[in-house]
Amino acid sequence: MKDVRGIHEVYRGDPETADRLVWGRESHPVTRRGFLRGAGLATMTTALGASIPFAEFMPGGLIPAAYAQAEEPFSIAGKDGLLILNDRPINAETPAHLLDDAITPAKRLFVRNNGIPPVTDDIDPLEWVLDVEGESCERPKSMTLAEIQDRFKHQTLQLHIECGGNGRSEFYPPAKGNQWTTGAIACPEWTGVRLRDILEDCGIADDAVYVAYEAVDTHLSGDPTKQPISRGVPVWKALESESMIVWAMNGEPLPPLHGYPLRMLCAGWPASVSGKWLRRLLVRDRVHDGAKMAGQSYRVPCKAVAPGSTVADEDMCIIESMPVKSLITYPKSGMQHSLADSLAVRGHAWAGDRQVRRLYTSIDFGATWQRAKLQRPANRLAWQHWSSDIGFPGQGYYEVWARAIDDRGVSQPMLLPGWNPRGYLNNACHRIAVMVGA
Ligand SMILES: Nc1nc2c(c(=O)[nH]1)N[C@H]1C(S)=C(S)[C@@H](COP(=O)(O)O)O[C@H]1N2
Ligand SMILES: [Mo]
């Protein structure tokens with residue numbers, strides 16, 4: 001199954017001591033000239049643009065002096081303005097004001113990797129093979145992407161994906177993991193086929209419970225017998241019309257970091273159910289037990305707990321639909337504004353499997369709220385755009401808060417939702433600072 005060359009073959013350092021890695025190929029786009037510790041010789045010579053005649057005497061882990069003092073920040077090829085939270089694996093989020101587009105472009109799509117992405121840019125995508133199997137699959141099959149494109153009806157939908165840990169940085173006591181602020185959310189347009197069509201073609205037995213993915217990224221340890229992540233959804237969610245297998249995003253092939261050439265996409269749930277570099281679908285007769293399904297991963301306490309509590313695994317429940325949430329994407333926090341004019345504020349709102357019914361803004365720390373204009377989604381499970389003209393009563397420091405309410409009447413909390421050990425599901429109101437002057 002690990003038939004795709006992974007980064008670990010380029011990289012020969014010890015993963016325990018190597019805190020930074022420079023990728024030697026164009027398709028491994030994280031670079032920081034200051035860090036080569038743990039990089040293999042091939043990687044180093046590529047980055048230096050020269051061979052190292054005395055390489056055999058070079059102490060392992062030595063950062064070449066040519067780079068040791070460089071101060072350039074990390075950058076990811078194909079991305080614009082993302083903040084890098086971690087480079088091994090790569091995780092990067094998008095500042096709120098850069099999520100202003102109605103349809104998120106690839107350059108503004110957050111990156112969340114649990115392992116090392118495969119090198120897939122030199123493959124023939126049409127020959128990519130998807131296996132469909134599992135205890136509750138009646139007719140296990142292998143199909144190429146060409147066959148999938150040929151045999152099943154295509155659809156294009158705008159669908160939101162949000163990391164389950166988005167907003168984690170606000171929780172106290174803090175939770176380990178990527179300290180996402182607000183930027184692990186996006187809503188691109190995806191093209192592919194319905195997951196349901198593929199599953200029905202392979203036969204779903206009556207005892208089917210879950211549909212899971214397996215992918216070809218590599219575990220951080222480099223151990224080929226371990227998968228970094230393999231999650232899934234209950235059959236009912238997999239059979240929804242919006243659940244898809246996609247090969248294109250915004251009319252282009254999937255970018256390498258986002259699952260090229262094939263990805264599962266089940267919007268409205270933690271994006272960890274949307275497997276990138278999709279190689280296998282499993283129709284399971286039980287709740288899937290792949291990597292990051294059990295224990296405390298992507299789970300929250302079934303019943304609310306006091307902040308800082310230790311919660312036994314059996315009292316943790318798998319996260320399903322994400323909660324109602326919104327973002328202010330214009331203006332950028334900290335902007336100066338003149339008292340004479342009203343301020344046109346705008347953003348997006350979404351609510352997991354549900355629709356957003358109302359959006360309100362407040363300029364008095366939540367004491368009073370003003371209803372915003374809220375658009376319908378482009379399709380089910382797409383985010384909704386909102387806008388509001390806001391006037392200020394005098395000069396000074398203000399915060400604009402946005403609060404969405406879903407179609408069951410559930411509201412975002414103003415400051416923080418219930419604490420949970422891993423810091424998931426923070427759907428607190430987004431707030432920005434505005435300085436109103438003369
Ligand atoms: N194969 C694979 N699929 C994966 C992941 C991964 O590490 N490997 N990460 C998941 C998680 S936790 C998230 S939040 C989304 C992130 O998708 P993106 O990087 O395209 O934004 O991909 C999901 N699918
Ligand atoms: Mo995630």
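Both ligands and their constituent atoms are indexed starting at 1 by order of listing. For the numbers below, each heavy atom of this structure counts, side chains included, while hydrogens, waters and symmetry mates do not.
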Counting only heavy atoms from other residues, nucleotides and ligands, does the tally under 6.0 Å from [atom1] of [X] exceed 12?
| X | atom1 | value |
| --- | --- | --- |
| R431 | CZ | no |
| K141 | NZ | yes |
| R376 | CZ | no |
| Y172 | OH | no |

Taking the cut-offs as 6.0 angstrom to the six-membered ring centre and 45 degrees off its axis, would you call [X] and [Y] a cation-pi pair?
| X | Y | value |
| --- | --- | --- |
| R346 | Y330 | yes |
| R168 | Y424 | yes |
| R263 | W247 | no |

Nearest option to atom 6 (C) of ligand 1, as decided by whichever heavy atom of V273, I229, I116 sits closest: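 Comparing heavy atoms across V273, I229, I116, the nearest one to atom 6 (C) of ligand 1 lies in I229.
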Heavy atoms only: which of P188, S272, G115, A184 lies closest to atom 10 (C) of ligand 1?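 Comparing heavy atoms across P188, S272, G115, A184, the nearest one to atom 10 (C) of ligand 1 lies in S272.
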Top protein contact for [atom], by heavy-atom distance:
| atom | value |
| --- | --- |
| atom 15 (C) of ligand 1 | A271 O, 3.5 Å |
| atom 8 (N) of ligand 1 | D217 OD2, 2.6 Å |
| atom 21 (O) of ligand 1 | F110 O, 2.6 Å |
| atom 12 (S) of ligand 1 | Y298 OH, 3.0 Å |
| atom 7 (O) of ligand 1 | N114 N, 2.7 Å |
| atom 1 (N) of ligand 1 | K276 O, 3.0 Å |

Below 3.5 angstrom, do we get any N/O pair linking [X] and ligand 1?
| X | answer |
| --- | --- |
| R112 | yes |
| S274 | yes |
| H258 | yes |

Go through ligand 1 atom by atom and flag the ones less than 4.0 Å from a non-hydrogen atom of [X].
| X | result |
| --- | --- |
| G275 | 3 (N), 24 (N) |
| V111 | 19 (O) |
| C163 | 14 (S) |

Table please: side-chain donor-acceptor pairs of residues 306-317 below 3.5 Å, with sequence neighbours left out.
{"residue": "S309", "atom": "OG", "partner": "A306", "partner atom": "N", "Å": "3.3"}
{"residue": "S309", "atom": "OG", "partner": "A306", "partner atom": "O", "Å": "2.5"}
{"residue": "D313", "atom": "OD1", "partner": "Q296", "partner atom": "NE2", "Å": "2.9"}

For the residue pair S326 / Q412, report whether a side-chain donor-acceptor contact shorter than 3.5 Å exists.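 Judged by distance alone, the side chains do pair up.
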Between E135 and R286, does at least one N-O distance fall below 4.0 Å, as a salt bridge requires?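 Judged by the 4.0 Å cut-off on N to carboxylate O distance, E135 and R286 do form a salt bridge.
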R380 bridged to E242 by N-O distance under 4.0 Å: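 Salt bridge: yes.
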Can you tell which part of [X] has a heavy atom less than 4.0 Å from ligand 1: side chain, backbone, both or neither?
| X | value |
| --- | --- |
| W180 | neither |
| R263 | side chain |
| A215 | side chain |

